[in-house]
Amino acid sequence: MRQSRHIGKTLREAPKDAQSAAHALMVRGGYIQQLSAGVYSYLPLLLRTLNKISQIVREEMVAAGSEEMLMPALQSRELWEETGRWERYTAIDGIMFAFKDRRGAMVCLGPTHEEVVTDILRRDLKSYKDLPKSVFQIQTKFRDEIRPRFGLMRAREFIMKDAYSFDVDEAGLEVAYEAMRKAYHRICERIGFQYRAVAADSGAIGGSGSQEFMVLADTGEDTILFCDACDCAANQEKASSRLEEFEQETELKPMEAVLGKGLIGTGPLSEFLKIPLWKTTKTLIFEADDKVVAVMVRGDCDVNEIKVVNRLGCKSLRLASPGRIKTLTGAEVGYAGPIGLPADVLVLADHYVNGRVNFECGANQTDHHNVNVNFGRDLPLPEFGDFRMAREGDGCPQCQGKLQSARGIEIGHIFKLGTKYSEAMGCKVLDAQGKSNPVVMGCYGIGVSRIAAACIEQNHDDRGILWPPQIAPYQVHLIALNLEDEEINRQCEALYARLQSEGIEVLFDDRPLRAGEKFGDADLLGLPIRLTISKRTGDQIEFKLRKEAKPEMVSLEDALVRIKGICGLK
RNA sequence: CGGAGCGUAGCUCAGCUUGGUAGAGCGCCAGCUUUGGGAGCUGGAUGCCGCAGGUUCAAAUCCUGUCGCUCCGACCA
C-alpha cells in the first residue's frame with residue numbers, strides 16, 4: 001500500500017480523551033476513529049490486524065474441531081424470554097441494546113448468542129448420535145456498557161469470536177472444554193502474549209466452571225492472584241486463599257459490651273482494645289434484592305460481594321444505606337454485629353470467622369463493641385462459607401505457597417454452561433434408552449478487537465507501537481527519502497514491486513515529506529521491519545527492526561532472506 | 001444510576017471572573033530556502049464559540065433547558 005493513498009492520518013498530539021497507551025497510540029496512528037461513546041471505526045491499518053487476529057483464531061477453532069457460521073446480530077425478544085434473560089439483560093443489567101421495530105416488535109442487538117445458537121441446534125439435534133457438535137462465529141457484538149473505557153478495550157460495539165459446544169453428557173463437555181482450553185492457549189502463544197489462564201467467576205452467563213485468559217498489563221481492569229509455588233491461579237473475584245490461623249484461648253470469658261467511642265474500623269479498634277486484628281470482626285449489612293443480609297469476615301479481611309451473590313443467587317447486592325443500617329441495628333454505621341439483629345436478617349460468615357475463642361464484634365449500639373464473644377454460647381452458628389476477598393500475600397489454597405497478584409486484561413473466557421440453556425429452550429436428544437435429555441453445552445468467547453488493544457498495551461514504547469510480525473498490519477515499512485531524485489525514485493519503486501512479488505506485505509511511504517516525519521510515523525505505526533532507501537544508501541538498503549535501536553546496511557538479497565525469516569515466509 | 005468536569009479552527013487549547021470587532025501553537029494551501037529524526041521565512045484559507053430559549057442596545061462570555069463527550073463510583077459474556 002502506498003502511504004500517499006492511505007486513509008488514516010497520523011496525529012502528533014493524542015486527543016485529550018485517550019485513556020491508555022494503546023488507546024492514544026491507536027488514535028494517533030490512525031488505526032481507529034471514534035464515532036460516539038465506545039463506538040469506533042476500524043481504519044484500514046487496524047482492519048488488517050483484526051483480520052490477522054481473526055484468522056489465527058479461526059485456524060485454531062477449526063483445528064479444535066469447530067465449524068464456522070454466522071448468526072444474526074439482530075435478534076427477537078421471544079428467544080430471550082425463553083431463557084428468562086430478556087428482563088435481566090434489558091431491565092436489570094441494562095446491558096443490551098433493545099428497541100422497537102416499525103411494527104412495534106421488540107428486538108435487540110446481540111451481546112451474546114446462546115439463545116440463537118441453541119435455537120438452531122435444537123432443530124438439528126434429535127439423537128445422541130448427532131452429538132457432539134461445535135460451532136463458532138466471528139462477529140460484531142453489542143453491549144450497552146455503562147461506562148465505555150480505554151478505546152477498544154471496553155467498547156459498546158466490538159468484534160468477538162464466540163463458540164458453542166453441544167454434548168451428550170458432562171464427560172463430553174469435558175472433552176470439548178479441554179479442546180477449547182488448549183486452542184485458547186495456542187492462540188495466546190501465536191500472538192506472543194504474556195498471559196495467564198485463571199479460574200473465573202461465571203457471572204451472568206451461568207454454568208459450573210470457567211476460565212479467563214488474562215493478558216498481563218498494569219493497566220488491566222482485573223486483578224488476578226496466582227501461587228508462587230504451584231499453577232493455581234484465579235481472578236480475584238473468584239479466588240480463595242488460606243489464611244494464617246492462631247492459637248486460641250481455652251477458657252471462655254464472659255461477653256461484655258465495651259465503650260469505644262467513635263472507633264470505626266477494625267484497625268483502631270484492635271489498638272484500643274489491645275487485641276490482635278484477627279480477633280476483631282467486620283459485619284457488613286447488605287440489601288440483596290428485597291432481603292437484608294449480614295456478612296461477617298475477620299477484621300483483617302474484606303467481603304467478596306460476588307461470592308455472596310453466588311451463595312444467595314440474588315440479582316442485585318449492595319451495601320445498605322446508613323439510614324437502613326440504623327433502623328436495622330439501632331446503631332450508627334460502624335457498630336453492626338450479628339447479635340440482636342432482626343430475626344429475618346440472614347447472617348453469613350466467612351470460615352475464618354469461626355474457630356475463634358473470645359472474639360470481638362460490633363454491639364449494634366453506637367460506640368459499643370462486644371468482646372469475648374463465642375459462637376454457640378452468645379449467638380447461634382451463622383451459615384459459614386467462603387465470603388472473603390483473597391489478597392496478595394495470602395496462602396495458596398492448594399499448596400504451601402503464597403499468592404502474588406498482577407493486573408490483567410481479559411481477552412478470552414471459556415465456560416461450562418451445562419444444561420441451563422438447553423433445558424430452558426428444549427434442546428434435547430434421545431439417549432440409547434429412548435429417553436429425552438437436554439444437551440450439555442459450553443461456550444467460549446474471545447475478544448478479537450480487544451486482543452488488538454491488549455497487544456498494543458503489552459507492546460509499545462514512548463514513540464509508538466511494536467507489533468509482533470504475526471498480527472502487524474504490514475510486515476515491512478518501506479521509507480523512501482530524497483524522492484526528488486529520479487534515480488532513487490526508480491530504485492524505490494523497483495524495491496516496492498519486488499517485495500510484493502515475494503509475497504511480503506509492504507507499506508510504502510512514498511510521501512514527499514522530511515525524514516524526521518517519516519521516521520516518526522514509522523515508529524508510531526510500529527511495523528516490525530523498516531527499510532530505508534535514500535541518496536546515502538547507494539545500492540544497499542538500510543534495514544532496521546522496530547524493536548532494535550540501530551539500523552544496518554544490507555544487500556537486497558540479504559534483506560529478503562531476513563524479512564522472510566521474520567515473517568515465516570519461505 | 002449517584003457525584004463532577006468539558007463542548008471555541010482539522011488537533012491541543014486560551015478567551016468567559018468584569019458582556020462591546022473570535023485568538024495562539026500545531027496542521028492545511030501557495031512561494032522561496034532547506035533536506036536522515038517532525039526545518040526556516042513570506043503570504044493565505046479556515047469558525048452556526050454544541051443546540052434551543054431567555055436577559056440585554058449588545059452574549060463565546062450572564063440565566064434556563066437540552067444534547068454530546070469525558071472523569072470518579074456502582075456495574076461488567
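Note that the structure is predicted; figures quoted are calculated from it, not measured. Order of the sequence lines fixes the chain letters, A, B, ..., with proteins taken first and strands second; residue numbering starts at 1 for each chain.
Between A:Arg58 and A:Glu68, the closest side-chain pair of non-hydrogen atoms falls below 4.5 Å.
Side-chain atoms of A:Thr219 and A:Glu457 form a donor-acceptor pair, as typed in the model, at a separation below 3.5 Å. When only modelled atom types and interatomic distance are considered, A:Arg85 and A:Tyr421 share a side-chain donor-acceptor pair under 3.5 Å. Side chain to side chain, A:Thr223 and A:Arg407 meet the donor-acceptor criterion of an N or O pair below 3.5 Å. In summary, the side chains of A:Asp222 and A:Gln236 do not present any donor paired with an acceptor at a separation below 3.5 Å, with no hydrogens or angles considered. When only modelled atom types and interatomic distance are considered, A:His113 and A:Gln75 share a side-chain donor-acceptor pair under 3.5 Å.
Between B:rU46 and B:rG10, the distance separating the two P atoms is 12 Å to the nearest Å. Separating the P atom of B:rG73 from that of B:rC16 is a span of 33 Å, rounded to the nearest Å. Comparing B:rU61 with B:rU55, their P atoms are spaced 15 Å from each other, to the whole Å. Spacing between B:rC32 and B:rC49 at atom C1', rounded to whole Å, works out to 37 Å. Rounded to whole Å, the C1' atom of B:rG19 lies 12 Å from the corresponding atom of B:rC57. Comparing B:rG47 with B:rG7, their C1' atoms sit 14 Å apart, to the nearest whole Å. Remark: the separation of the C1' atoms in B:rG27 and B:rA45 is 13 Å, to the nearest Å. Nucleotides B:rG68 and B:rU21 are separated by 33 Å at their P atoms, to the nearest Å.
When both pairing distances are held under 3.5 Å, B:rA39 makes a Watson-Crick or G-U pair with B:rU33. Taking a pair to require two hydrogen-bonding distances under 3.5 Å in either a Watson-Crick or a G-U wobble arrangement, B:rG68 pairs with B:rC6. Summarising the base pairing, B:rC62 is matched to B:rG54 through a Watson-Crick or G-U wobble pair whose two defining distances lie under 3.5 Å. Base pairing analysis places B:rC28 opposite B:rG44; the two distances defining the Watson-Crick or G-U wobble pair are each below 3.5 Å. A 3.5 Å limit on both hydrogen-bonding distances identifies B:rG73 as the Watson-Crick or G-U partner of B:rC1.
Following rounding to the nearest Å, A:Arg154 (CZ) and B:rA74 (P) show an atom-to-atom distance of 13 Å. A:Asp144 has its CG atom 17 Å from the P atom of B:rC75, to the nearest Å. With rounding to whole Å, A:Glu221 atom CD is found 9 Å from B:rC76 atom C1'. When the C1' atom of B:rC75 is taken as reference, atom OH of A:Tyr89 falls 13 Å away, rounded to whole Å. Following rounding to the nearest Å, A:Phe286 (CZ) and B:rC75 (C1') show an atom-to-atom distance of 15 Å. A:Gln236 places its CD atom 15 Å from the P atom of B:rC76, with the value rounded to the nearest Å. Rounded to an integer number of Å, the gap from A:Arg156 CZ to B:rC75 C1' is 15 Å. What separates CD of A:Glu13 from P of B:rA14 is a distance of 13 Å, to the nearest Å.
Among the protein residues, A:Arg149 comes within range of the nucleic acid bases, having at least one heavy atom under 4.0 Å from a base atom. At the heavy-atom level, A:Arg318 lies nowhere under 4.0 Å from the strands shown. A:Tyr444 comes within contact range of no nucleotide atom at all, as no heavy-atom separation falls under 4.0 Å.
Nearer the 5' end of RNA chain B, as judged by each residue's closest nucleotide, is the contact made by A:Ser36, out of A:Ser36 and A:Glu410.
Using cut-offs of 30° and 60° for the angle between ring planes, the A:Tyr444 and A:Tyr177 rings count as tilted. Between A:Phe213 and A:His185, the ring-plane angle classifies as perpendicular under the 30° and 60° cut-offs.
Side chain of A:Lys9, nearest nucleotide from B:rG25, B:rC69, B:rC28: B:rC28. When each of B:rU70, B:rC75, B:rG73 is scored by its nearest atom to the side-chain atoms of A:Ala37, the top-ranked nucleotide is B:rU70.
Contact record, A:Trp86 with A:Ala98: CH2-CB, 3.8 Å, taken as the closest heavy-atom pair.
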query: How does protein reach along nucleotides 34-47 of chain B, written 5' to 3' as B (base within reach of a heavy atom under 4.0 Å), S (only sugar-phosphate), or - (no contact)?
result: BSBBBB--------

